[in-house]
> 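Submitted below is the structure of interest, expressed as structure tokens.
Remember, predicted model here, so these are calculated numbers, not experimental data.
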Amino acid sequence: MSPDAATDAAPSIITAEGAGPHQTDVTIIGAGPCGLFAVFELGLLDLKCHLVDILDRPGGQCAELYPEKPIYDIPAVPVCTGQELTDRLMEQVAPFSPVFHLSQMAEKLEKLEDGTWRLTTDTGTVIDSKVIVIAAGGGSFVPKKPPIPGIDAYEGSSVFYAVRKMEQFRGKKLIVAGGGDSALDWVLNLQPLAESVTLVHRRDEFRAAPDSVNKMRALVAEKKMTLEIAQISGLEGENGQLTGVVFKDKERGEWSVPCDMLLPFYGLTMKLGPVAEFGLNLEQNLIPVDTEKFETSTPGIFAIGDINTYPGKLKLILSGFHEAALMSQAAVRIVHPDKKIRFQYTTSSTDLQQKLGVA
């Protein structure tokens, strides 16, 4: 599913910067499998959710690191890929219309006078809610920066580690570096917009989906883009604006290719990031929780999935699903403290089936 579009069957996706303050019941930090299933469990209890994720699409590690890798330990599903699991979870949460704020990092958390939590992202989006759920896996994904001298001076102006607005690259001379799915996907997406596209990779083998590789090679054969098997050794330009990128290999030595913008896609690494500044007790960059509600040391803030720790913790998706279910039962009592909560089963409750659109 495209991060910039939504179908009638899919949740709406918001990527507007500086929007808000949005009002919702629960803010979920992390849109991986545990965060998505939390939307379902909370939705059954009539709680609305906004999700924040640093990636440009839902799915977390499943969608970003192993979209085609088989997963064998999801109950009743003998095998599915990371992307298939994400797609099914997105289908499952669609009846509850969650709102996604993608390509954004949860940066600041404060408690307002009325007890509401206010979350602010690094792009200025503000979300107010009664409950915070941290489902950030091992933390935030951050790009692996290439060891190119002087690259810091160009970051944010002509060197980008993510594509947030494709129009920004229209009519530009682009160099895309990397050999994985992200590099190939953006080569294919940006080639129709850009003045020129050059893909550089250190070897003529790629980790991306075979179909993407075939499409890229077809564009090269048609002379609609260029493929260079080389390494980047330097940058040319001044005042934050690139004019060229220097390539090198053993046979040809060094040469410069004109360039307006460089997009390095060398993978991601995990860091706890600003979550570490939320005032929670931490144990080796993990968040301790109880095993009744999966609440943190701060009332109203919960942690589910790989980000949390407790005696006997297993870092499995199915464990995160269990944690999401118990967290939801506690969250509804915070959002609606005077409401009588009646436990129901989706197999027999007409009310729940109507919420799911199957009754």
Side-chain angles (χ1 to χ4, degrees), residues 20-32 34-54 93 96 98-101 104-122 125-140 272-283 285-311 313 319-343:
H22 298 274
Q23 306 293 329
T24 190
D25 296 319
V26 180
T27 302
I28 301 174
I29 302 171
C34 294
L36 292 177
F37 191 68
V39 172
F40 177 79
E41 289 294 324
L42 292 161
L44 292 177
L45 297 168
D46 294 322
L47 299 185
K48 299 297 183 182
C49 300
H50 280 225
L51 298 94
V52 175
D53 201 291
I54 197 171
V93 303
F96 304 115
V99 178
F100 291 83
H101 303 269
Q104 301 180 51
M105 179 183 288
E107 188 171 65
K108 180 182 179 183
L109 184 64
E110 57 186 318
K111 196 166 189 178
L112 305 182
E113 290 184 2
D114 65 354
T116 298
W117 291 105
R118 170 161 287 180
L119 181 77
T120 305
T121 75
D122 61 341
T125 299
V126 177
I127 309 169
D128 292 347
S129 60
K130 291 294 186 182
V131 170
I132 300 290
V133 178
I134 303 173
S140 296
L272 194 58
V275 171
E277 308 301 321
F278 285 180
L280 306 173
N281 293 331
L282 297 178
E283 291 181 6
N285 275 346
L286 296 174
I287 303 173
V289 294
D290 63 51
T291 52
E292 177 189 359
K293 306 184 295 288
F294 297 94
E295 196 168 28
T296 70
S297 58
T298 301
I301 302 180
F302 300 81
I304 61 174
D306 287 357
I307 195 75
N308 75 15
T309 183
Y310 53 86
K313 168 72 178 185
S319 299
F321 289 169
H322 158 77
E323 294 163 13
L326 291 186
M327 173 279 297
S328 300
Q329 295 295 318
V332 72
R333 288 170 168 80
I334 294 175
V335 178
H336 299 299
D338 300 324
K339 183 178 180 180
K340 183 177 180 180
I341 308 301
R342 183 166 59 92
F343 185 75

> Find the distance between CD1 (Ile54) and CG (Asp122) and round it off to the nearest 0.5 Å.
6.5 Å
> Is any side-chain heavy atom of Val131 less than 4.5 Å from a side-chain heavy atom of Leu42?
no
> Mark yes or no for whether Gln329, through its side chain, and Lys293, through its backbone, hold a donor-acceptor pair below 3.5 Å.
no
> For Pro21 and Asp128, which heavy atoms make the closest approach, and how far apart are they?
CB-OD2, 3.9 Å
> Less than 4.5 Å apart, any side-chain heavy atom of Lys111 and any of Thr116?
no
> Can you see which heavy atom on Lys339 is nearest to which on Asp46, and at what distance?
NZ-OD2, 3.7 Å
> Could you tell me if the side chain of Ile134 sits less than 4.5 Å from the side chain of Ile287, heavy atoms only?
yes
> Asn308 side chain to Val289 main-chain N or O, any donor-acceptor pair under 3.5 Å?
no
> Carefully, step by step, assess Ile307 and Ile29 under the rule side-chain contact (heavy atoms from CB on, under 4.5 Å).
CA-CA 11 Å; Ile307 195 75; Ile29 302 171; over 6 Å; no
> Any idea which heavy atoms bring Asp306 and Lys313 closest together, and the distance?
N-NZ, 4.3 Å
> Do side-chain atoms of Thr27 reach the backbone of Ser129 as a donor and acceptor pair under 3.5 angstrom?
no
> For the CG atom of Asp53 and the CE atom of Met105, what is their distance to the nearest 0.5 Å?
10.0 Å
> Measure the spacing between OG1 of Thr24 and CD1 of Ile127 and express it to the nearest 0.5 Å.
8.0 Å
> Please report the closest heavy-atom contact between Cys34 and Ala324, naming both atoms and the distance.
O-CB, 4.3 Å
> State whether Lys48 and Asp25 are salt-bridged, where the test is any N-O pair (Lys NZ or Arg NE/NH1/NH2 against Asp/Glu carboxylate O) under 4.0 Å.
no
> Decide yes or no on side-chain contact (heavy atoms from CB on, under 4.5 Å) for Val99 and His22, but give the supporting numbers first.
CA-CA 10 Å; Val99 178; His22 298 274; 5.7 Å; no
> Identify the two heavy atoms, one from Leu51 and one from Gly35, that lie closest to each other, and give their separation to 0.1 Å.
CD2-O, 4.0 Å
> Would Glu41 and Ser328 satisfy side chain to side chain donor-acceptor pair (under 3.5 Å), going step by step from the backbone distance to the final call?
CA-CA 6 Å; Glu41 289 294 324; Ser328 300; 5.1 Å; no
> Does any part of the side chain of Thr125, heavy atoms only, come nearer than 4.5 Å to the side chain of His50, both counted from C-beta?
no
> Does any part of the side chain of His101, heavy atoms only, come nearer than 4.5 Å to the side chain of Thr121, both counted from C-beta?
no
> Any idea how His322 and Phe294 line up, ring-wise: parallel (<30°), tilted (30 to 60°), or perpendicular (>60°)?
perpendicular
> Should the ring pair Phe96 and Phe40 be called parallel, tilted or perpendicular, given that the plane angle runs from 0 to 90° and is split at 30 and 60?
perpendicular
> Are the side chain of Glu107 and the backbone N or O of Thr120 linked by a donor-acceptor pair below 3.5 Å?
no
> Do the side chains of Leu326 and Glu292 get nearer than 4.5 Å, heavy atoms only?
no
> Determine whether Val26 and Phe302 make a side-chain contact, defined as any pair of heavy atoms from C-beta on separated by less than 4.5 Å.
no
